[in-house]
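Please read the structure below before turning to the comments.
When a residue number appears, it is its place in the shown sequence, counting from 1.
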Amino acid sequence: MKTFNTAGPSKPDLHYMLDPLARIDLAELESLIDAQRYFVLHAPRQTGKTTALLALMHHLNVQGRYRALYCNIEAAQAARGNVSEGMAAIVNALASAASVYWRDEAAAQTARARLHEAGATDWVRATLEAWSRHSHRPIVLFLDEVDALVGDTLISLLRQIRAGYAQRPEAFPQTVVLCGVRDVRDYRIHSGGEIITGGSAFNIKAVSLRLSNFSRAECEQLWQQHEAETGQRFDPAIYPELWADTEGQPWLVNALGHELTWNMRELRDRSQPITLTHYWQARENLIQSRATHLDQLTDKLREARVARIVYALLQGEPVQERFPTDDVQYVEDLGLIASRPQIRIANRIYREVIPRELTWTIQTVLPYEQPWYVRPDRRLDMPKLLAGFQQFFREHSEAWIEGFDYKEAGPQLLMQAFLQRIVNGGGRIQREYGLGRRRTDLLIEWPLDEQQGFFGPVQRVVIELKLYRKGSLDALIAEGLTQTADYADKAGADEAHLVIFDRRPGIAWEDKIWQRSETVSRTPDGGSDAGARTIGVWGC
């Protein structure tokens, strides 16, 4: 029985999968190879890159014009700056690939023989030259995980490939494709106290190609393979949620499918239809699992180049005007952000995962539980909850925020941790980051009937977060009230609150902690007054 794949290359006999050659521009790739070009193919982790490369290798070999080989050289990462160890690992990886994919033991022995020669900085070049001289077809080489290499090991590899470039195709591969998460321009190689960029060490690159996410139609096509295979039906209402949550990120699409069809044991009974309620539960299970993919993703948040941009997005700060284009492109290449129609966190699940991961420790130790703020009619008592947060913030914020890597976004993150702890196991929080508008929008959705869940009556509460550093507080509140009312109308919320974090130095807590209510007129589309909305305003 086939399954949704969440680890390693997909195999047609084991996994639901889309045609990997249909996901790449095959005509463009073949044109580059025919023209003897060297190029880069990159994509975020677990997007199907290795599956596509293996399929392309087999496609080229079946055609018979080229001798294509896929080789993963990640093992050389352990060598770091030790060139001899790194080159030995790469040559051994080439030999193993020749043995496995070409079934050519002579080529494997030719590679390993280099390890007994002097001059480690020429082993890879010499191996590829020997292979090309003795091959009856031009060689096309796919080197995967190149950007995992470090320091002088990476420099040596790039320079050896560049050194053989002029001899192609008679005495060097016709095409070498560097594959990894990042484009070669983003390689930052520390060597002898200087930083060498990948672009300067590999200036023979013709073009960089990026493997894209699934389209919306492809997400549905993949899941419908499970329907066709088992007869188990997905509620069509799931698909818009699936797209909003993943925007086609392949691992997320497969992981949610696997969660629904395998990890949720009751749904292993294929006669059971899969409902939207099941989907929402699977989504929460996946987020809380802190799966390897999500853990690797959040680990990148510790990089300074990434942290600066993600922090700005969490605050709603403008990005393009503040950061180098190369840094923004790097974070997009990692899959953390998208740039169209504007720069933003890449998808709805990542918008959930990032603040949760940044505040995970806080969530696990917060003393607050649900009963104290749930009224007898099961509605959230928001004034009581926010008053509780004010006291919590006053007592603990300085210690907690000091521990954040993202100190400037600390107040927003602390509020989100507090709310997440409250709604876990009952409701959910949707997050929006107002790019360039210096705000964070939170929408709490809380089912009022436990049996009906989100299909029954739901309490919707908007909380908007803003920082106050300087200028007029009244002007900031006026701006915030308008933004809060607009977002509440958009979300269909029946309650709205604006929280102002006073970050001015030297201000006493007695002056920071306050609460009042404001009334905002509602005049949609410039028409006649449509009533008024009361918004709670809270100082922290």
Side-chain angles (χ1 to χ4, degrees), residues 7-9 11 38-43 45-46 49-58 60-61 66-135 138-165 168 172-182 184 187 189 198 201-202:
K11 299 182 177 181
Y38 285 22
F39 59 95
V40 173
L41 179 66
H42 65 102
R45 292 204 177 280
Q46 296 177 299
K49 181 174 73 276
T50 301
T51 301
L53 293 172
L54 290 169
L56 184 57
M57 176 187 71
H58 293 307
L60 293 173
N61 286 334
Y66 301 111
R67 198 177 194 204
L69 183 67
Y70 167 86
C71 180
N72 186 312
I73 60 174
E74 186 177 13
Q77 182 187 42
R80 304 193 69 78
N82 187 317
V83 175
S84 294
E85 288 186 11
M87 292 306 107
I90 293 171
V91 169
N92 279 318
L94 288 168
S96 178
S99 178
V100 171
Y101 297 119
W102 284 349
R103 302 191 183 281
D104 187 340
E105 293 303 324
Q109 289 302 319
T110 296
R112 293 191 176 102
R114 299 291 169 231
L115 303 181
H116 302 290
E117 299 176 357
T121 56
D122 196 48
W123 286 346
V124 172
R125 189 208 61 78
T127 297
L128 298 180
E129 178 183 333
W131 280 2
S132 299
R133 284 184 179 277
H134 292 91
S135 177
I139 290 175
V140 176
L141 179 63
F142 302 102
L143 291 178
D144 200 5
E145 301 289 352
V146 174
D147 58 340
L149 273 55
V150 177
D152 289 337
T153 298
L154 178 53
I155 294 173
S156 180
L157 173 65
L158 297 177
R159 288 179 172 167
Q160 288 183 67
I161 295 172
R162 188 173 67 181
Y165 178 74
R168 72 197 195 288
F172 214 66
Q174 167 139 338
T175 292
V176 174
V177 184
L178 302 185
C179 310
V181 171
R182 296 173 290 166
V184 68
Y187 298 178
I189 311 163
F202 195 71

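- The main-chain N or O of Arg182 is found under 3.5 Å from a side-chain atom of Asp147 such that the two form a donor-acceptor pair.
- Minimum interatomic distance between Arg45 and Val181 (heavy atoms only, all atoms of both residues): CG-CG2, 3.5 Å.
- A donor-acceptor distance shorter than 3.5 angstrom exists from the side chain of Gln77 to the backbone of Ala148, with no hydrogens or angles considered.
- Between Phe39 and Thr175 the shortest side-chain heavy-atom distance falls below 4.5 Å.
- In plain terms, the two heavy atoms of Thr50 and Pro9 that are nearest each other are CG2-CG, 3.6 Å.
- Between Ser132 and Pro173, the shortest heavy-atom contact is OG-N, 3.2 Å.
- Residues that satisfy the side-chain hydrogen bond (donor to acceptor under 3.5 Å, both in side chains) test with Arg80, not counting sequence neighbours, are absent from this structure.
- Of the inter-residue distances, the one linking Asn61 atom CG with Tyr101 atom OH reads 11.5 Å to the nearest 0.5 angstrom.
- Annotation for Leu60 and Phe142: closest pair CD1-CZ, 4.0 Å, computed over non-hydrogen atoms.
- Looking at Asn92 and Leu115, their side chains come closer than 4.5 Å, going by heavy atoms from C-beta outward.
- Closest approach of Ser156 and Thr121 over heavy atoms only: OG-CA, 3.8 Å.
- Rounded to the nearest 0.5 Å, atoms CD1 (Ile73) and OG (Ser96) are 13.5 Å apart.
- Leu143 places a side-chain heavy atom less than 4.5 Å from the side chain of Ile161.
- When atom types are taken as modelled, the side chain of Ser99 and the backbone of Ala95 share no donor-acceptor pair closer than 3.5 angstrom.
- Across every non-hydrogen atom of Ala76 and Gly86, the tightest pair is CB-O, 3.7 Å.
- Note: His58 NE2 to Leu53 CG = 11.0 Å, rounded to the nearest 0.5 Å.
- Taking CG of Asp152 as the reference point, atom CG of Asn82 lies at 9.5 Å (rounded to 0.5 Å).
- Under the side-chain hydrogen bond (donor to acceptor under 3.5 Å, both in side chains) criterion, Asp104 pairs with Arg67, not counting sequence neighbours.
- Within the 4.5 Å cutoff, the side chain of Leu149 has heavy atoms near those of the Ile90 side chain.
- Taking CH2 from Trp123 and NE2 from His116, the interatomic distance works out to 9.5 Å, rounded to the nearest 0.5 Å.
- The CG atom of Leu69 lies 5.0 Å from the CH2 atom of Trp102; values are rounded to the nearest 0.5 Å.
- Here the side chain of Arg168 pairs a donor or acceptor atom with the backbone of Tyr165 at under 3.5 angstrom.
- Listed for the Gln160 side chain is a donor-acceptor partner under 3.5 Å among the backbone atoms of Val124.
- Under the 30°/60° scheme for interplanar angles, the aromatic rings of Phe172 and Tyr38 are found to lie parallel.
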